[in-house]
Novice: 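One structure is given below, represented as structure tokens, and several questions about it will come after.
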Amino acid sequence: MGVSTTSGLMQGKYAWLKLLLITAIVALNGYAIIMMYASGEYAFALLNLVIVASGVYVFTSKRAYAHRYIYPGMAGMVMFIIFPLLYTVGIAFTNYSGTNLLTLERVERMHLARTYTAEGGTFDFAMLESGEGKYVLQLVQDDKVLVSSPLSPISNSELSARKQTLESSEVKLSHVEQKPELEVAQIRAITQNRQFLNSLVLVTPEGDELVMSGLRKFAAQAPLFTKLDKDRVLQDSGVVIPGGSALRNNQTGELMMPNMETGFYQYIDGNAEFVGNRVTPGFTVNIGWKNFERVVKDDGIKKPFVEIFIWTVIFAGCSVAFTLAIGMVLACVIQWEELKGRAIYRVLLILPYAVPAFISILVFKGLFNQNFGEINALLNAWFGIKPDWFTDPTLAKTMILIVNTWLGYPYMMILCMGLLKSIPEDLYEASAMDGAGPIKNFFNITVPLLMKPLTPLLIASFAFNFNNFVLIQLLTSGGPDIIGATTPAGTTDLLVSYTYRIAFEGSGTQDFGLASAIATMIFLVVGAIALFNLRLTNANKSV
Amino acid sequence: MPMVQPKSLKYRKLGTHIAICAFLCLIIFPLLMVIAISFRTGNFSVGDIIPRNPTLDHWRLALGISVENADGSITPPPFPVLTWLWNSIKVAGISAVLIVVLSTTSAYAFARMKFKGKSTILSGMLIFQMFPSVLALVAFYAFFNMIGDFIPWLGLNTHGGLILAYLGGIALHVWTIKGYFETIDPALEESAAIDGATPWQAFRLILLPLSVPILAVVFILAFIGIITEVPMASVLVQDIDKMTLAVGSQQYFYPQNLLWGDFAAAAVLSGFPITIVFLLAQRWLVGGLTAGGVKG
């Protein structure tokens with residue numbers, strides 16, 4: 001009895017704890033979701049909602065007991081593989097880029113925060129010494145005189161010593177009939193306290209805000225743009241501009257509206273047509289299939305894209321073929337039981353695979369260096385040639401294939417060694433009876449028998465090399481460049497590194513939208529390869 | 001065949017030995033070269049395989065010790081190599097442990113339990129893990145930018161964020177561990193269940209202790225995979241002091257400033273331990289490497 005009650009109590013305790021924990025998680029994430037939704041990050045809000053809701057269901061429902069074991073792993077996969085994939089596909093349909101980073105709301109807020117110096121709002125400024133290191137600020141416009149209460153400013157040197165920056169602070173001004181009878185401080189007092197003065201916002205009794213506009217000037221700052229909250233009819237054409245979207249330039253009186261096709265604000269004419277230049281910064285808008293159209297139609301993108309696509313396929317195909325050929329032959333040799341020292345050979349042959357790839361790739365980058373590299377030093381000593389491995393496209397591609405074969409053959413060797421064990425010995429004995437030599441055996445027995453179980457692994461290897469970003473990025477960074485391309489593109493770029501460079505390298509023109517469009521196309525290719533491979537292995541299994 | 005032609009066999013063996021040795025020379029040359037270069041004076045000079053005036057300067061710099069030159073000037077270490085190595089080990093170690101935990105629990109459910117959508121999820125995992133994360137880097141950047149607003153130590157430019165990002169890559173490991181679990185007789189757990197063990201207890205007390213070898217293999221594979229990962233680390237981490245080795249080593253190769261000798265020492269220093277671990281573990285790793293693919 002006693003035992004059962006304690007265990008019952010324990011269970012009750014845990015249930016109470018569990019409920020508390022779940023409530024806390026739901027409350028915290030609910031708050032986060034609302035915050036994300038409010039700041040316009042709908043995708044993240046949705047992701048958070050899906051993860052938390054499914055988690056709460058899985059850990060509270062008895063029916064989903066088995067799912068509790070897979071939930072953490074699956075949540076990781078959803079967050080870091082599936083979500084990024086969908087998000088990327090989403091970006092492909094927008095103009096998200098270095099120039100169009102922000103949402104429309106953020107850009108509108110930035111425009112509304114811009115100010116200009118209003119006409120007639122300029123005051124002559126002087127600092128008056130009021131004793132004890134304090135100063136009164138005096139502003140004069142025609143016969144109007146405004147003064148502040150005595151302030152003790154913080155000098156520039158003091159600020160830099162404290163490594164401090166000042167927040168802007170407001171100071172109230174009041175009207176006086178006459179200039180106060182205090183001594184005007186020398187201009188040095190102004191320059192020495194410049195940073196402090198710059199941080200001040202002086203508020204006149206009328207409520208105008210003045211900021212420093214010159215050494216001896218303070219000026220009223222008016223917002224450059226005002227948002228039109230009500231509908232407005234344009235006089236020339238009678239076109240109605242709906243409220244809440246247009247911004248009026250207070251300096252010129254012009255109207256500007258967000259152009260939802262280009263993702264920039266633009267001034268409009270009397271017919272509400274967009275005229276004039278784009279006003280930066282731009283915002284992100286949906287542009288439909290335009291990124292994809294650019295890949296197909298724009299010559300500056302289409303030509304390098306096609307060239308790079310062809311090279312990517314050649315590279316992946318050659319890499320698989322070369323590594324397989326070398327790896328398979330070596331595996332057969334190493335398995336030859338008559339050979340002594342096989343264990344040592346085996347370890348040494350696997351060595352290129354054991355060294356971390358990023359190190360060996362960088363080592364090759366140094367060794368192949370045109371002037372200082374050891375490879376050219378040897379070639380020069382033996383043959384008197386110094387090939388320029390990094391500037392000639394064909395040589396660069398050759399070098400990449402050499403390096404990748406070096407990196408990849410041990411993997412194929414390991415695979416073949418494992419599979420060779422499953423080939424029955426008597427096949428070779430029978431063939432030896434017929435007088436066949438080792439080469440004939442290799443092509444007639446070994447190769448055909450290995451190819452079938454190897455095929456899915458070869459396809460996986462093809463897919464891996466298709467996306468072999470690290471090799472290209474570390475070895476050549478894509479160079480030498482393709483001439484006539486409008487985005488960063490090189491003759492040795494693979495599609496992945498090309499995409500990466502469009503997104504992260506162009507100076508100021510980081511075109512995330514275009515990069516994502518190309519990424520989406522690669523996703524389709526890779527997905528097709530993966531599905532094909534899955535079918536193939538399933539077919540193999542059933543045989 | 002060996003018994004049929006005993007005379008030519010001798011020559012054939014000799015030929016094979018010569019061929020393999022020649023091939024090995026070609027293959028090992030770059031690695032020997034790098035070790036030689038790390039002891040060579042200066043950063044540019046071309047020299048012999050065995051350096052004429054061996055120096056430990058590059059090694060001192062790699063280990064973070066300043067070097068005093070002949071003219072009295074002092075060269076500070078160009079990069080914090082040991083910090084990078086520690087960052088790499090820390091990030092890869094923590095991620096690999098978490099990956100093992102995540103994939104083991106998932107693999108247990110996939111191997112032993114029946115639930116809806118099991119085979120769909122299993123094949124889906126294999127397809128999705130083939131998509132290279134390089135292509136979704138923009139999404140990762142946005143994701144960690146967002147997380148950073150709520151949980152600063154998981155945001156951009158933090159190791160926490162980097163570790164989190166690596167946790168998605170568990171699909172192959174789930175398959176590997178699942179394959180291993182399936183070779184263990186379920187009767188053991190069934191008898192435990194009859195004695196009143198919950199599935200969790202059967203998993204933790206019976207299956208897990210039996211699976212230590214495969215968990216070690218998965219740990220090492222995940223560890224090495226993360227140590228050598230470049231794109232994610234290069235986008236998510238920007239500070240020199242927070243870089244991992246794979247990202248940091250590229251710093252030696254700025255076109256105007258190729259620090260060839262310094263790189264060589266840093267490369268040998270950091271590559272050596274990883275290589276040794278791999279070679280020691282390779283017999284077990286080979287099984288793990290092929291399992292995911294063959295059973296796919």
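Note that the structure is predicted; figures quoted are calculated from it, not measured. Order of the sequence lines fixes the chain letters, A, B, ..., with proteins taken first and strands second; residue numbering starts at 1 for each chain.
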Novice: Under 4.5 Å heavy-atom distance to chain A, tell me which part of Val235(B) shows up: side chain, backbone, both or neither.
Specialist: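 For Val235(B), the side chain is the part near chain A, not the backbone.
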
Novice: Determine the option with the most heavy-atom pairs under 4.5 angstrom with chain B, choosing from Met417(A), Arg63(A), Lys340(A).
Specialist: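 Most heavy-atom pairs within the cutoff with chain B belong to Lys340(A).
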
Novice: By a 4.5 Å heavy-atom criterion (distance strictly below it), what part of Met130(B) contacts chain A: side chain, backbone, both, or neither?
Specialist: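 For Met130(B), the contact with chain A is made by backbone and side chain together.
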
Novice: Is Phe464(A) close to chain B through its backbone or its side chain, or both, or neither, when contacts mean heavy atoms under 4.5 Å?
Specialist: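 Nothing of Phe464(A), per the 4.5 Å heavy-atom cut-off to chain B.
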
Novice: Using a cut-off of under 4.5 Å for heavy-atom pairs, which of Tyr87(A), Tyr500(A), Phe523(A) has the most such pairs with chain B?
Specialist: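 It is Phe523(A).
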
Novice: For Tyr71(A), which atoms come within 4.5 Å of any heavy atom of chain B: side chain, backbone, both, or neither?
Specialist: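 For Tyr71(A), no heavy atom lies under 4.5 Å from chain B.
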
Novice: Is the backbone N or O of Trp200(B) less than 3.5 Å from a side-chain atom of Tyr69(A), with the two atoms forming a donor-acceptor pair by type?
Specialist: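 Indeed, once roles are kept as given, a pair shorter than 3.5 Å links the two residues.
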
Novice: Please rank Ile82(A), Val333(A), Ile522(A) by heavy-atom pairs under 4.5 Å with chain B and give me the top one.
Specialist: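 Counting heavy-atom pairs under 4.5 Å, the top option is Ile82(A).
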
Novice: In terms of heavy-atom proximity below 4.5 Å to chain B, should Leu28(A) be classed as side chain, backbone, both, or neither?
Specialist: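 Looking at Leu28(A), nothing touches chain B.
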
Novice: Please classify the contact of Ala357(A) with chain B as side chain, backbone, both or neither, using a heavy-atom distance under 4.5 Å.
Specialist: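 Only the backbone of Ala357(A) comes within 4.5 Å of chain B.
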
Novice: Heavy-atom distances under 4.5 Å only: say whether Ile227(B) touches chain A with side chain, backbone, both or neither.
Specialist: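 Both backbone and side chain.
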
Novice: Could you pull out the closest heavy-atom pair between Trp336(A) and Thr16(B), with the gap in Å?
Specialist: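 The answer is CZ3-OG1, 3.3 Å.
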
Novice: Let's test your reading of the structure: which of Ile91(A), Leu348(A), Ile326(A) forms the most heavy-atom pairs below 4.5 Å with chain B?
Specialist: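 Of Ile91(A), Leu348(A), Ile326(A), Leu348(A) has the most heavy-atom pairs under 4.5 Å with chain B.
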
Novice: Please flag which part of Thr104(B) lies under 4.5 Å from any non-hydrogen atom of chain A: side chain, backbone, both or neither.
Specialist: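 Neither part, no heavy atoms under 4.5 Å.
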
Novice: I need the minimum non-hydrogen distance between Gly73(A) and Leu102(B), along with the two atoms involved.
Specialist: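 That closest heavy-atom pairing would be N-CD2, 3.9 Å.
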
Novice: For chain B, which of Met77(A), Met36(A), Arg68(A) has the most heavy-atom pairs under 4.5 Å?
Specialist: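 Max contact count across the listed options: Met77(A).
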
Novice: Name the region of Ser249(B), side chain, backbone, both or neither, that has any atom closer than 4.5 Å to a heavy atom of chain A.
Specialist: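 For Ser249(B), heavy atoms of backbone and side chain both lie under 4.5 Å from chain A.
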
Novice: Which atoms of Phe466(A) come close to chain B, meaning under 4.5 Å heavy atom to heavy atom: side chain ones, backbone ones, both, or neither?
Specialist: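 It is neither, since no heavy atom gets under 4.5 Å.
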
Novice: Mind listing the closest non-hydrogen atom pair of Phe358(A) and Val230(B) along with its distance?
Specialist: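 For Phe358(A) versus Val230(B), the nearest heavy atoms are CB-CG2, 4.4 Å.
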
Novice: Taking all non-hydrogen atoms of both residues into account, name the closest pair between Lys13(B) and Leu339(A) and its distance.
Specialist: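 Closest approach of Lys13(B) to Leu339(A): O-CD1, 4.2 Å.
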
Novice: Given heavy-atom pairs under 4.5 angstrom as the criterion, report whether the side chain, backbone, both or neither of Thr228(B) touches chain A.
Specialist: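 Contact with chain A: backbone and side chain both.
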
Novice: Heavy-atom cut-off 4.5 Å, strictly under: side chain, backbone, both or neither for Leu31(B) against chain A?
Specialist: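 Only the side chain of Leu31(B) comes within 4.5 Å of chain A.
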
Novice: Identify which part of Phe143(B) has an atom lying under 4.5 Å from any heavy atom of chain A, answering side chain, backbone, both or neither.
Specialist: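 Contact with chain A is through both the backbone and side chain of Phe143(B).
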
Novice: Which atoms form the tightest heavy-atom contact between Gly168(B) and Phe80(A), and what is the distance?
Specialist: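 For Gly168(B) and Phe80(A), the tightest heavy-atom pair comes out as CA-CB, 3.9 Å.
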
Novice: For Leu378(A), which atoms come within 4.5 Å of any heavy atom of chain B: side chain, backbone, both, or neither?
Specialist: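 For Leu378(A), the contact with chain B is made by the side chain alone.
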
Novice: At a heavy-atom separation under 4.5 Å, does Leu137(B) approach chain A through its side chain, its backbone, both, or neither?
Specialist: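 Contact with chain A is through both the backbone and side chain of Leu137(B).
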
Novice: Measure distances from Leu47(A) to the heavy atoms of chain B and classify the residue's part below 4.5 Å as side chain, backbone, both or neither.
Specialist: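 Just its side chain gets close to chain B.
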
Novice: Heavy-atom cut-off 4.5 Å, strictly under: side chain, backbone, both or neither for Ala107(B) against chain A?
Specialist: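 Neither part.
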
Novice: What part of Tyr166(B) lies closer than 4.5 angstrom to a heavy atom of chain A: side chain, backbone, both or neither?
Specialist: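 For Tyr166(B), no heavy atom lies under 4.5 Å from chain A.
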
Novice: Given a strict heavy-atom distance threshold of 4.5 Å, which part of Asn48(A) is in contact with chain B: side chain, backbone, both, or neither?
Specialist: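 Interface part for Asn48(A): neither.
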
Novice: Name the region of Leu245(B), side chain, backbone, both or neither, that has any atom closer than 4.5 Å to a heavy atom of chain A.
Specialist: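 Looking at Leu245(B), backbone and side chain both touch chain A.
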
Novice: Contact part of Val138(B) toward chain A, heavy-atom cut-off under 4.5 Å: side chain, backbone, both or neither?
Specialist: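 For Val138(B), backbone and side chain are both near chain A.
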
Novice: Can you say whether Val470(A) sits under 4.5 Å from chain B via the side chain, the backbone, both, or neither, judging by heavy atoms?
Specialist: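 Answer is side chain: those atoms of Val470(A) sit under 4.5 Å from chain B.
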
Novice: For Met33(B) and Leu367(A), which heavy atoms make the closest approach, and how far apart are they?
Specialist: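 Heavy atoms of Met33(B) and Leu367(A) come nearest at CG-CD2, 3.7 Å.
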
Novice: Need one label for Phe23(B): side chain, backbone, both or neither, based on atoms under 4.5 Å from any heavy atom in chain A.
Specialist: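 Interface part for Phe23(B): side chain.
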
Novice: Is it the backbone or the side chain of Val347(A) that comes under 4.5 Å from a heavy atom of chain B, or both, or neither?
Specialist: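 Looking at Val347(A), backbone and side chain both touch chain B.
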
Novice: So which residue, Ser516(A), Ser497(A), Gly366(A), ends up with the most heavy-atom pairs under 4.5 Å with chain B?
Specialist: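 When all of Ser516(A), Ser497(A), Gly366(A) are compared, Gly366(A) has the most.
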
Novice: Quick one: does Met74(A)'s side chain get under 4.5 Å of Ile121(B)'s, heavy atoms only?
Specialist: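 Answer yes - side chains close enough.
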
Novice: Within the 4.5 Å heavy-atom criterion, are Met113(B) and Ile70(A) side-chain neighbours or not?
Specialist: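 Not in contact.
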
